[in-house]
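Values below: all heavy atoms of this structure, side chains included; hydrogens, waters and symmetry mates excluded. Just follow the structure's listing: the first ligand is 1, and inside any ligand the first atom is 1.
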Amino acid sequence: MALESWPPSATWAVVALITLYIAARHLSSRKQDPREPPVVPSTVPYIGHLLGMALYGGRYLKEIGIRHRETTPIFTLPVPNSRIYIVTDPSLAAAVQRASKVLSFTPIIPEVTERILGLDKATVEIARKNLDPAPGDEKGFLFDIQQMVYDWLGPGDYLGVLTAAAANQLKAEVADYIGALRTGKVDAKSVDLLEWVRHCVTVATAQYLYGPENPIAKDPTLEKAFWDFDHGLGMLLMNIVPSITASSAYSGRERLVAALADYLEAGHYKTASKIVQERVAIALQHGWTLRATARSELSFLFAGIVNLTTSTFWILLQVFADPELLQTVRSEVEAVLTTEDDGSAQTLALEDLKNKCPVLHAVYRECLRLNSDNNSVRVVKEDTILSERWFLAKDCVVQIAGGVIHADSSIWGSDVDTFDPKRFLAEVKGKERQVHPAAFRAFGGGKTLCPGRHFAMNEILSFVALVVLQFDITGANGGRIEVPRKNDAVLPVHILEPLVPAIVSMRPREGWDGGRDLRLVLKRS
Ligand code: HEM
Ligand SMILES: *[C@@H]1O[C@H](CO)[C@@H](O)[C@H](O)[C@H]1NC(C)=O
Ligand SMILES: CC(=O)N[C@H]1CO[C@H](CO)[C@@H](O)[C@@H]1O
């Protein structure tokens, strides 16, 4: 009997594959420890979850999370040689944040920055040193710089100084644009609102952080280079021959780095903001070259621009899309506007925007809730039992699923998917059930809480106030504004962008006296 006649080889292959599949699925979904969180197997064994994330972006994890959050506050995704533990419950998220000694973000920083910023090996070696120093240990570069940035951007005098600088820079951008509209230099019947906000924020941020000699002021084509870099971040992170697979992000980054390096070497940082001067001083103390420091400064410029831009965009769009909301927000802002005795100027105190404009504030929070899907990531440094119950294995990864928590109807109510700033107003008045403090995740939490959060809020509220006071914005051709859906099929590295551009028409606001100066101050005197 010829061997190949029976059983037919095709059938054999199928049987072998199915057996292998079942075995692999079984093996890969086995718990390593009985206390390990429930395992969610993938359809394709081993690589299925990675494949899902690569194909469907953040939406993949988010959908799995939403499916399982009612049965378990944490679950395990098996991936090749490792596990990803996904936390979908705010109080367990808070437990992860508290366990910062064993569940730490810092081990990831050097590798992530090496990939995203293209740091050379020698600099990465410096960055790896003394990441989590014990008291009395020598402090590493990352430790020193984080400590300084958290300090300086925390509540205090410097926060006020930087806020005023940023707000006045944005005011100048807005004034330029209104000037161009009035003289007919630009026609604003169909403006891509996100592009417009991007331009204002990019130019203003480069200016208030890096001073008049900043590279973007010297070479405006670097503005596009910046956004090319931003949009290729996911591919740069994968790091597979980035000069080819992420070519425009790569060349955008390298152009910016070269310009920043020239700026630093020319000593222009001495005319920069105090916080940038201090960052450069710390890098030099730790033996960084100025050319390597340019890469670290690109990351700071990035942190100051990207999320601020996209959140401001959503806030403006939502406010102008709803005439009633627009009216409420305008009257809140106008109520804190004071006119000088001689009528020559009006003054807006930035502190009042924060404390006396509850609806504006609620819109800000709601836009961040709806559009931040990013996860907080931690590495398990040793085998750990979390909350006396869940076993987490060494070298695996824990992610707090921000997108899942922000879309949890048991936290936010049954209308969780719709834009409704009132849910935050109710919270202020104490009417609604209290939301767990770790449930609002736009700024991360625990050790990776954004150091720029106070500053970002100040800057966003002042930018929105400037636009609301001085512009009328409608849909293209004067129609209603349609709010596009967010694009959640990408790996979320920042606040999500719209799926399609929001095209609007912008005019100087009718009835607003543009002849008077609008002064921005911190506090009312
Ligand atoms: C709406 C605006 C913003 C949001 C939603 C936001 C959110 C975040 C989050 C979630 C992180 C933690 C990242 C992680 O876990 O890896 C972070 C880090 C950071 N943010 Fe923000 N951010 C915003 C604006 C800003 C601004 C305006 C600045 C200021 C200049 C800033 C400075 C930073 C810095 C320096 C870090 C890195 C901290 C570190 O070294 O660990 N952010 N931001
Ligand atoms: C931007 O915001 C997202 C979502 O909240 C966050 O995960 C990310 O780390 C932030 N990025 C920066 C550079 O601040
Ligand atoms: C899960 C995920 O996409 N996390 C990302 C959140 O954002 C930071 C950068 O801001 C990335 O490094 C993470 O990978």
Side-chain angles (χ1 to χ4, degrees), residues 58 96-97 100 103-113 116-117 127 131-132 140-154 158-159 162-163 165-167 170 197 201-202 204-206 208-210 229-230 233 237 273 275-276 278-279 282 296-315 364-365 367-379 398-403 405-406 440-464 486 488 490-497:
V96 169
Q97 286 166 190
S100 66
L103 307 177
S104 173
F105 180 68
T106 35
I108 318 177
I109 300 180
E111 200 180 329
V112 168
T113 47
I116 289 186
L117 301 176
L131 282 174
D132 282 321
F141 164 77
L142 276 173
F143 181 90
D144 274 350
I145 206 146
Q146 277 174 348
Q147 177 135 320
M148 183 279 288
V149 170
Y150 275 88
D151 253 27
W152 287 38
L153 293 182
Y158 189 69
L159 176 63
L162 201 65
T163 298
L170 286 165
V197 175
V201 174
T202 312
T205 307
Y208 79 76
L209 281 181
Y210 293 91
F229 165 57
D230 174 58
L233 219 57
L237 206 53
S273 59
I275 193 168
V276 164
E278 188 66 11
R279 286 177 58 92
I282 291 175
S296 152
E297 286 316 295
L298 177 58
S299 78
F300 193 53
L301 185 64
F302 182 82
I305 293 177
V306 287
N307 277 333
L308 194 116
T309 295
T310 322
S311 3
T312 305
F313 156 79
W314 285 113
I315 298 167
Y364 161 81
R365 304 255 298 170
C367 284
L368 286 177
R369 178 190 72 84
L370 272 175
N371 298 302
S372 59
D373 274 9
N374 191 285
N375 293 355
S376 309
V377 180
R378 304 282 194 276
V379 173
V398 185
Q399 295 195 9
I400 301 170
I405 296 176
H406 286 160
F440 183 80
R441 305 217 51 87
F443 291 106
K447 272 214 163 170
T448 59
L449 188 58
C450 170
R453 65 197 184 284
H454 307 289
F455 173 72
M457 182 170 83
N458 293 349
E459 193 182 349
I460 291 171
L461 297 186
S462 30
F463 191 13
V464 171
K486 59 185 175 183
D488 56 4
V490 293
L491 272 186
V493 289
H494 46 61
I495 302 287
L496 296 172
E497 295 184 350

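Counting only non-hydrogen atoms, the option in Ser299, Ala456, Ala166 that gets closest to atom 24 (C) of ligand 1 is Ala456. Distances from atom 21 (Fe) of ligand 1 to the heavy atoms of Cys450, Ala303, Gly402, Ser273 show the closest one on Cys450. Closest heavy-atom approach to atom 2 (C) of ligand 1 within the set Ile109, Thr113, Asn307: this belongs to Asn307.
When only interatomic distances are considered, the shortest N/O to N/O separation between Asn375 and ligand 2 does not fall below 3.5 Å. Geometrically, ligand 1 and Gln146 share a nitrogen or oxygen pair separated by less than 3.5 Å. Of the N or O atoms in Asn307, one or more lie within a sub-3.5 Å distance of an N or O in ligand 2.
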Pairs of donor and acceptor atoms involving the side chains of residues 143-154, under 3.5 Å and at least two apart or interchain, shall be tabulated with distances.
from   : atom 1 : to     : atom 2 : distance (Å)
Asp144 : OD2    : His286 : NE2    : 2.8
Tyr150 : OH     : Lys447 : O      : 3.4
Tyr150 : OH     : Leu449 : O      : 2.4

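Heavy-atom proximity to Ser311, at under 4.0 Å, picks out these atoms of ligand 1: 1 (C). Ligand 1 places these atoms under 4.0 Å from at least one heavy atom of Phe105: 16 (O). Taking a cut-off of under 4.0 Å to the non-hydrogen atoms of Ser372, the atoms of ligand 2 that pass are 4 (C), 5 (O). Per-residue contacts place Ala442 under 4.0 angstrom from the following atoms of ligand 1 (heavy atoms of the residue considered): 5 (C), 7 (C), 10 (C). Interface of Ala442 with ligand 2, defined as ligand atoms under 4.0 Å from a residue heavy atom, comprises 4 (C), 5 (O).
Between Phe229 and Phe302, the two ring planes are perpendicular [angle over 60°; tilted spans 30° to 60°].
Contact annotation: Pro451 has at least one heavy atom less than 4.0 Å from an atom of ligand 1. Using a 4.0 angstrom heavy-atom cutoff, Cys450 does not count as in contact with ligand 2.
Without hydrogens or angle criteria, Arg441 side chain to Ser376 main chain gives no donor-acceptor distance under 3.5 Å. At distances below 3.5 Å, not a single donor-acceptor pair connects side-chain atoms of Tyr208 with backbone N or O atoms of Leu170. Between the Thr205 side chain and the Thr202 main chain, no donor and acceptor come within less than 3.5 Å of each other. Put simply, the side chain of Asn307 gets close to the backbone of Ile495: a donor and an acceptor are under 3.5 Å apart.
The structure places OG1 of Thr310 at 9.0 Å from CG of Asn371, a figure rounded to the nearest 0.5 Å.
Residues that satisfy the salt bridge (charged side-chain N to carboxylate O under 4.0 Å, His left out) test with Arg378, not counting sequence neighbours, are absent from this structure.
The nearest pair of heavy atoms linking Tyr364 to Met457 is OH-CB, 3.4 Å.
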